[in-house]
Amino acid sequence: MLLLIGGGIWAGIALLNSPGSKTPKAGPVLPYGDEAGLTRELKPGDCVSASWPEERFKDPPELKIVDCKTYPDGQVLDVNATTSLDDARSNGQGICRGLLRDTTSKMADVQSFALVPSEAGWDNGVRNTACLLFGKTVGVYGPVGSYRHYGDELYLENSSIGDCLDTKKLEKHDYTPLFLVDCNKPHEQQVLGYVEAPKGMTFDESWDAMYGLCVRQFGSYISPTRDLFAWTDTEDYWNLGFRFVMCGLVASDEGQKLPPGSAVRTPDN
């Protein structure tokens, strides 16, 4: 009897370790769960592409970390450490909204989103909720806020109130790109703010109307030496719902630059 039992145990061990057997392997811990699909923790400055579920900003999108120069959908601007996973789940959205409020208020059409650690991520040491900024209707198209640098090409989607800009006509381009420059030096333009076009306005109609939209909101900036410029994005973006016009300040005389300094008025001035 003992011999038979021993033989049975030995046979079981031999079967488990035989070349044809398959031992289950644990997959990598997904710090934010299956929905996000990321395999590493996010850090400030990371840019991401996002595939949203049917309702944006309700549940986490599927995310991939991408180069910020490849027209990302969003960017991590901050992280917030919490004392418990329940705290992160309950308060993460509000905390991120507060942390990113200053940046959000200066851009045309963006929204914060808190990506909370999954239970498995928390158990494996992920304590930070990632605070991301996404475009509400289209991507942010490039790095945001302090992650931009002088000389970077700028787009309406990742521009901010107060940005100073120069233009540069490039060969093989059917548009004139904008570049971020130092406001403490002479510059061609400065962003004053954004106006959302009225519902029902078509893209073609916007070209005739957008200067008037800017004058209605920022006309007090016009003077004998200052005028406004108005700019919107492509028809494809317009049809997707991004119907914002950038309004900015330029010198009245073509070819002249604005002097150093910011012209944007704050509540104090």
Side-chain angles (χ1 to χ4, degrees), residues 32 38 40-50 57 61 63-82 92-116 126-168 177-194 231 233 242 244 246-249 258 260-269:
Y32 307 102
L38 295 171
R40 77 157 173 86
E41 188 172 356
L42 290 171
K43 62 182 186 297
D46 283 339
C47 288
V48 296
S49 64
F57 299 104
L63 296 174
K64 294 181 180 178
I65 298 172
V66 298
D67 189 324
C68 292
K69 295 180 180 179
T70 57
Y71 312 123
D73 293 310
Q75 187 173 26
V76 182
L77 298 190
D78 210 336
V79 295
N80 179 71
T82 51
Q93 297 298 343
I95 290 171
C96 285
R97 195 179 305 118
L99 289 172
L100 306 191
R101 181 175 289 117
D102 184 61
T103 302
T104 303
S105 67
K106 294 178 180 178
M107 297 179 68
D109 187 41
V110 292
Q111 183 169 323
S112 64
F113 185 82
L115 190 63
V116 176
V126 180
R127 295 291 183 267
N128 289 331
T129 294
C131 298
L132 297 103
L133 196 68
F134 289 104
K136 288 183 181 179
T137 51
V138 298
V140 294
Y141 222 52
V144 171
S146 62
Y147 292 100
R148 306 168 307 163
H149 304 286
Y150 295 143
D152 285 353
E153 186 173 354
L154 204 67
Y155 306 94
L156 197 161
E157 291 78 13
N158 73 326
S159 65
S160 296
I161 293 173
D163 284 346
C164 291
L165 312 170
D166 277 350
T167 60
K168 186 186 297 182
L178 303 172
F179 295 90
L180 186 67
V181 297
D182 187 352
C183 289
N184 292 317
K185 297 178 180 180
H187 47 275
E188 295 176 14
Q189 306 173 1
Q190 186 173 25
V191 180
L192 299 176
Y194 310 92
W231 179 57
D233 212 316
F242 187 81
F244 286 84
M246 175 195 284
C247 304
L249 193 67
L258 298 170
S262 175
V264 176
R265 298 172 189 148
T266 65
D268 297 330
N269 62 7

- Task: May I ask you to test the F113-Q93 pair for a side-chain heavy-atom distance under 4.5 Å?
- Result: yes
- Message: How close do F134 and L63 get, counting heavy atoms only, and between which atoms?
- Response: CZ-CD2, 4.0 Å
- What distance do W231 atom CH2 and S159 atom OG have between them, rounded to the nearest 0.5 Å? 7.0 Å
- Message: Within the 4.5 Å heavy-atom criterion, are P186 and P260 side-chain neighbours or not?
- Response: yes
- So OH of Y147 and CG of N158: to nearest 0.5 Å the spacing works out to 14.5 Å
- Task: Start with the C-alpha distance between T129 and C96, add both sets of side-chain angles, then the distance that settles side-chain contact (heavy atoms from CB on, under 4.5 Å), and finish with yes or no.
- Result: CA-CA 8 Å; T129 294; C96 285; 4.2 Å; yes
- Output the distance between atom CG (D67) and atom SG (C47), rounded to the nearest 0.5 Å. 7.5 Å
- Message: If I compare all heavy atoms of S160 with all of M107, which pair ends up nearest, and what's the gap?
- Response: OG-CG, 3.7 Å
- Compute the ring centroids of F244 and Y194, then answer whether they are less than 6.0 Å apart. no
- Task: Under the side chain to side chain donor-acceptor pair (under 3.5 Å) rule, what do T167 and Q189 come out as? Steps first, then yes or no, please.
- Result: CA-CA 9 Å; T167 60; Q189 306 173 1; 5.2 Å; no
- Message: Evaluate E41 against N128 for side-chain contact (heavy atoms from CB on, under 4.5 Å), listing each step before the verdict.
- Response: CA-CA 9 Å; E41 188 172 356; N128 289 331; 3.7 Å; yes
- At their closest point, which heavy atom of G162 faces which heavy atom of C183, and how far apart are they? O-SG, 3.5 Å
- Note on the structure: Correct closest heavy-atom pair for E153 and P177 would be OE2-CB, 3.2 Å
- Item | side-chain contact (heavy atoms from CB on, under 4.5 Å) between L115 and L42, worked out | CA-CA 9 Å; L115 190 63; L42 290 171; 3.7 Å; yes
- Query: So which of L154, D166, D152 actually passes side chain to side chain contact (heavy atoms under 4.5 Å, CB included) with V181?
  - Reply: D166
- State the OH-CG distance between Y150 and L180, to the nearest 0.5 angstrom. 6.5 Å
- Message: When you compare the side chain of E157 with that of D233, does any pair of heavy atoms fall below 4.5 Å?
- Response: yes
- Message: Within the 4.5 Å heavy-atom criterion, are Q190 and V264 side-chain neighbours or not?
- Response: yes
- Message: Assess the residue pair V48 and Q75 against the criterion (side-chain contact (heavy atoms from CB on, under 4.5 Å)); give the C-alpha distance rounded to whole Å, side-chain angles, the decisive distance to 0.1 Å, and a yes or no.
- Response: CA-CA 6 Å; V48 296; Q75 187 173 26; over 6 Å; no
- Applying side chain to side chain contact (heavy atoms under 4.5 Å, CB included) between K106 and each of V144, D163, I161, report the one that passes. I161
- F242 versus A108, closest heavy-atom pair with distance: CZ-CB, 4.4 Å
- Query: Any sub-3.5 Å donor-acceptor pair from D78's side-chain atoms to C131's backbone N or O?
  - Reply: no
- Item | Separation between SG of C164 and CG of L258, rounded to the nearest 0.5 Å | 7.5 Å
- Greater than 12 external heavy atoms within 6.0 Å of Y155's OH: yes
- Determine, stepwise, if the pair R40 / D46 fulfils salt bridge (Lys or Arg N to Asp or Glu O under 4.0 Å). CA-CA 11 Å; R40 77 157 173 86; D46 283 339; 3.1 Å; yes
- Task: Would you name the heavy atoms of M246 and L165 that are closest together and state the gap between them?
- Result: SD-CD1, 4.4 Å
